[in-house]
Amino acid sequence: MLKKLLAVAALALPALANAEQIGQVSTVFKFVGPNDRIVVEAFDDPKVEGVTCYLSRAKTGGIKGGLGLAEDRAEASIACRQVGPIRFKGELKEGESVFKERTSLVFKTMQVVRFFDQKRNTLVYLVYSDRVIEGSPQNAVTAIPILPWTK
């Protein structure tokens with residue numbers, strides 16, 4: 001019964017992109033547990049074929065970080081690029097979340113949302129961190145003009 005409930009709950013969640021780790025660099029050496037580091041990840045927009053986003057963000061190391069109990073910092077950087085012909089796979093919603101990952105045990109997430117600037121025919125992606133009680137104003141934005149793709 002529990003497995004069925006979990007499967008139904010998973011189907012009810014919006015489809016978000018899964019990130020693929022491209023690389024990482026250590027920023028702080030830790031004697032015990034993994035080092036603090038900056039991780040670079042890539043993910044494809046699940047509703048826009050031909051767009052890949054690259055996200056760099058801090059990951060906390062040490063014992064808590066190794067166990068998944070540490071809270072990661074809110075700073076992140078994003079760069080999205082057209083990597084092929086752009087095709088919409090469905091209706092785009094303003095401010096729709098395309099990537100979301102937990103950055104603390106319970107209350108904090110980092111997410112990427114998409115906007116479509118119809119006047120300029122441009123996709124805009126915003127990365128920010130939120131928390132149940134108090135989010136962070138730190139953010140980064142990138143934009144992709146929708147252009148014909150030449151072979």
Side-chain angles (χ1 to χ4, degrees), residues 3-28 34-61 65-66 68-151:
K3 287 182 183 180
K4 288 181 182 178
L5 287 173
L6 290 173
V8 169
L11 290 173
L13 294 174
L16 297 179
N18 292 322
E20 170 189 346
Q21 185 170 314
I22 301 299
Q24 65 180 4
V25 294
S26 292
T27 58
V28 175
N35 292 342
D36 288 356
R37 60 203 183 280
I38 298 171
V39 177
V40 177
E41 299 168 311
F43 64 90
D44 298 326
D45 186 322
K47 281 194 176 176
V48 182
E49 188 178 313
V51 171
T52 298
C53 293
Y54 297 90
L55 182 66
S56 69
R57 59 196 182 96
K59 298 280 274 183
T60 304
L69 303 174
E71 183 172 304
D72 293 333
R73 297 181 60 126
E75 295 90 357
S77 179
I78 189 166
C80 296
R81 298 294 182 259
Q82 182 175 358
V83 295
I86 291 181
R87 290 189 198 98
F88 299 129
K89 296 179 183 177
E91 183 181 336
L92 302 184
K93 296 177 184 145
E94 289 300 305
E96 183 175 13
S97 186
V98 295
F99 176 82
K100 189 172 191 175
E101 188 165 302
R102 176 179 66 80
T103 54
S104 75
L105 185 59
V106 179
F107 299 112
K108 189 174 177 185
T109 61
M110 177 164 296
Q111 52 186 314
V112 176
V113 294
R114 175 197 341 94
F115 299 93
F116 178 53
D117 179 355
Q118 194 167 15
K119 179 179 176 183
R120 294 164 190 85
N121 200 34
T122 299
L123 292 166
V124 179
Y125 293 84
L126 170 72
V127 61
Y128 68 98
S129 181
D130 65 357
R131 182 184 270 162
V132 171
I133 296 174
E134 181 181 340
S136 171
Q138 296 178 349
N139 64 82
V141 68
T142 187
I144 304 171
I146 300 174
L147 302 172
W149 188 255
T150 58
K151 293 184 180 189

Interatomic spacing from [atom1] in [X] to [atom2] in [Y] - rounded to 0.5 Å:
| X | Y | atom1 | atom2 | result |
| --- | --- | --- | --- | --- |
| E41 | C53 | CD | SG | 12.0 Å |
| N121 | L147 | CG | CG | 8.0 Å |
| R57 | I38 | CZ | CD1 | 12.0 Å |

Worked check of side chain to side chain contact (heavy atoms under 4.5 Å, CB included) between F88 and K47:
CA-CA 6 Å; F88 299 129; K47 281 194 176 176; over 6 Å; no
Could you pull out the closest heavy-atom pair between [X] and [Y], with the gap in Å?
| X | Y | answer |
| --- | --- | --- |
| A42 | T52 | CB-CG2, 4.2 Å |
| F43 | L55 | CE2-CB, 4.4 Å |
| I78 | A140 | CG2-O, 3.9 Å |
| D45 | Y125 | OD2-OH, 2.6 Å |
| T122 | A143 | CG2-CB, 3.7 Å |
| A76 | V127 | CB-CG2, 4.0 Å |

How about P46 and V98: do any of their side-chain heavy atoms sit closer than 4.5 Å?
yes
Could you give all pairs that pass the side-chain hydrogen bond (donor to acceptor under 3.5 Å, both in side chains) test and reach residues 76-93, with sequence neighbours left out?
E49-R87
Residues, nucleotides or ligands: over 12 heavy atoms within 6.0 Å of [X] [atom1]:
| X | atom1 | result |
| --- | --- | --- |
| F116 | CZ | yes |
| Q118 | CD | no |
| Q21 | CD | yes |

Quick one: list whatever passes side-chain hydrogen bond (donor to acceptor under 3.5 Å, both in side chains) with Q111, sequence neighbours left out.
S97, Y128, D130
Check the pair L92 / L123 against side chain to side chain contact (heavy atoms under 4.5 Å, CB included), numbers first and verdict last.
CA-CA 10 Å; L92 302 184; L123 292 166; 4.1 Å; yes
